[in-house]
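Position 1 is the first residue of the sequence; numbering continues from there. Quick caveat, the model's predicted, so the values are computed rather than measured.
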Amino acid sequence: MNIYLQALKRDLRIAVRNPSSILNPLLFFIISVSLFPLAISSEAAILSTIGSGIIWVTSMLSMLLSLNALFHHDFENGVLEQIVISHHSLPLLILSKITAHWILTGIPIILLSPLFGLFLFLDNNGVYVLMITLLLATPSLSLIGAIGASLIVGIKNSGMLLSLLILPLYIPILIFASSAVSQAQFGLVITGQLYFLATILILSLMSAPFISGIALKISLE
């Protein structure tokens, strides 16, 4: 556990020294959400209907945008090979990187979501459920995304390839999360959607670090 915390602190320090890796996905999220009312309509009735979908799609793309750098920095300076051959648990070290990615991209989106929910005329219940779905599902986006990032770590200009690999796996999360927020606004039961999101999170947490470790070893051979 100590090595997990040390690796997490190291990744956070590296990210702070390179603020563009933190700010770019966040700026993409803010600008994208802000542009939708200009492109579609400024009417409250329309925005409240599609607001949850807008926030969820932009959240997903923002996190995807930052995944390419998850292992890339360590791969370029040779640290990733040292991590793979070290005597420490590789899945635990990968989990520390995934945690750092979620802290730097997922948590800022969760904190900004109430503001943008109100900006898109979601009611109080909709904003509350939006935060719950983001809290449950953004860790899954980081965990699943790590598998794709480990597969393409040695490939240059692989952003499009990463999108093709990961986006189909994100679709169930997008469907359940946006559906939960939409139904909550009409006072419908959303227990099923939240259970599905929690199940995806648990399965991702139990499997993604191990699969990512295998993919990293294959990519570095």
Side-chain angles (χ1 to χ4, degrees), residues 8 25-26 28-30 32-33 36 44-67 70 91 94-149 163 165-212:
L8 177 60
L26 197 58
F28 174 83
F29 173 75
I30 294 170
S32 299
V33 174
F36 270 95
I46 296 175
L47 290 176
S48 65
T49 304
I50 63 174
S52 61
I54 291 172
I55 292 176
W56 251 105
V57 168
T58 50
S59 301
M60 190 180 69
L61 294 178
S62 299
M63 296 195 71
L64 182 63
L65 187 67
S66 59
L67 275 173
L70 186 61
I94 292 173
L95 185 61
S96 73
K97 290 188 169 297
I98 297 170
T99 306
H101 177 264
W102 180 70
I103 290 173
L104 296 169
T105 57
I107 288 182
I109 289 173
I110 295 170
L111 295 176
L112 283 174
S113 62
L115 176 65
F116 283 100
L118 296 174
F119 175 68
L120 295 174
F121 300 101
L122 298 184
D123 59 24
N124 290 337
N125 196 32
V127 171
Y128 174 68
V129 175
L130 174 66
M131 289 192 70
I132 291 177
T133 57
L134 286 169
L135 194 60
L136 278 175
T138 49
S140 301
L141 298 181
S142 295
L143 286 160
I144 295 171
I147 298 173
S163 302
L165 286 172
I166 294 303
L167 276 179
L169 301 177
Y170 280 0
I171 298 302
I173 295 173
L174 176 66
I175 293 172
F176 288 124
S178 57
S179 167
V181 181
S182 298
Q183 292 196 23
Q185 288 187 283
F186 293 101
L188 301 175
V189 177
I190 58 167
T191 311
Q193 289 93 328
L194 297 184
Y195 278 147
F196 272 113
L197 291 176
T199 303
I200 291 172
L201 173 59
I202 292 169
L203 291 176
S204 302
L205 190 59
M206 291 174 65
S207 61
F210 294 94
I211 298 173
S212 184

Kindly list each side-chain donor-acceptor pair under 3.5 angstrom involving residues 186-199, sequence neighbours excluded, with atom names and distances?
| unit_1 | atom_1 | unit_2 | atom_2 | d |
| --- | --- | --- | --- | --- |
| Q193 | NE2 | S179 | OG | 3.1 |
| T199 | OG1 | Y195 | O | 2.7 |

How would you list, by chain and number, every residue that makes a side-chain contact (heavy atoms from CB on, under 4.5 Å) with I103, sequence neighbours excluded? L8, L12, T99, I107
With sequence neighbours excluded, residues passing side chain to side chain donor-acceptor pair (under 3.5 Å) with S140: none
Give every residue pair that meets the side chain to side chain donor-acceptor pair (under 3.5 Å) criterion with at least one member in residues 110-127, sequence neighbours excluded. none
Is the closest side-chain heavy-atom distance between L134 and L130 below 4.5 Å? yes
OG on S178 to CG on L174, rounded to 0.5 Å: 4.5 Å
Grab the two heavy atoms, one from L122 and one from S52, that are nearest each other, plus how far apart they are. CD2-N, 4.0 Å
By side chain to side chain donor-acceptor pair (under 3.5 Å), which residues pair with S66, not counting sequence neighbours? H101
Between the CD1 atom in I98 and the CG atom in L70, the distance rounded to the nearest 0.5 Å is 6.5 Å
Distance-minimising heavy-atom pair for F119 and V33: CE2-O, 4.1 Å
side-chain contact (heavy atoms from CB on, under 4.5 Å) partners for I30, two or more places apart: L26, S34, L112, F116
Distance col, row I110:CD1 vs T138:OG1, nearest 0.5 angstrom, shows 3.5 Å
Going from CG on L67 to CD1 on I147, what distance comes out if it is rounded to the nearest 0.5 angstrom? 11.0 Å
Kindly write out the residues that satisfy side chain to side chain donor-acceptor pair (under 3.5 Å) with S48, not counting sequence neighbours, or none if the list is empty. none
Rounded to the nearest 0.5 Å, what separates atom CG in L167 from atom OG in S163? 5.5 Å
Partner set under side chain to side chain donor-acceptor pair (under 3.5 Å) for S212, not counting sequence neighbours: S150
Exercise answer: donor-acceptor pairs, residues 53-64 side-chain atoms, under 3.5 Å, sequence neighbours excluded:
| unit_1 | atom_1 | unit_2 | atom_2 | d |
| --- | --- | --- | --- | --- |
| W56 | NE1 | T133 | OG1 | 3.2 |
| T58 | OG1 | I54 | O | 2.7 |
| T58 | OG1 | I55 | O | 3.0 |
| S59 | OG | I55 | O | 2.6 |
| S62 | OG | P25 | O | 3.4 |
| S62 | OG | T58 | O | 2.7 |

How would you list all residue pairs meeting salt bridge (Lys or Arg N to Asp or Glu O under 4.0 Å) that involve residues 94-106, not counting sequence neighbours? D11-K97, D74-K97
d(I173 CD1, S204 OG) to nearest 0.5 Å is 6.0 Å
Set of side-chain contact (heavy atoms from CB on, under 4.5 Å) partners for L205, sequence neighbours left out: L95, L143
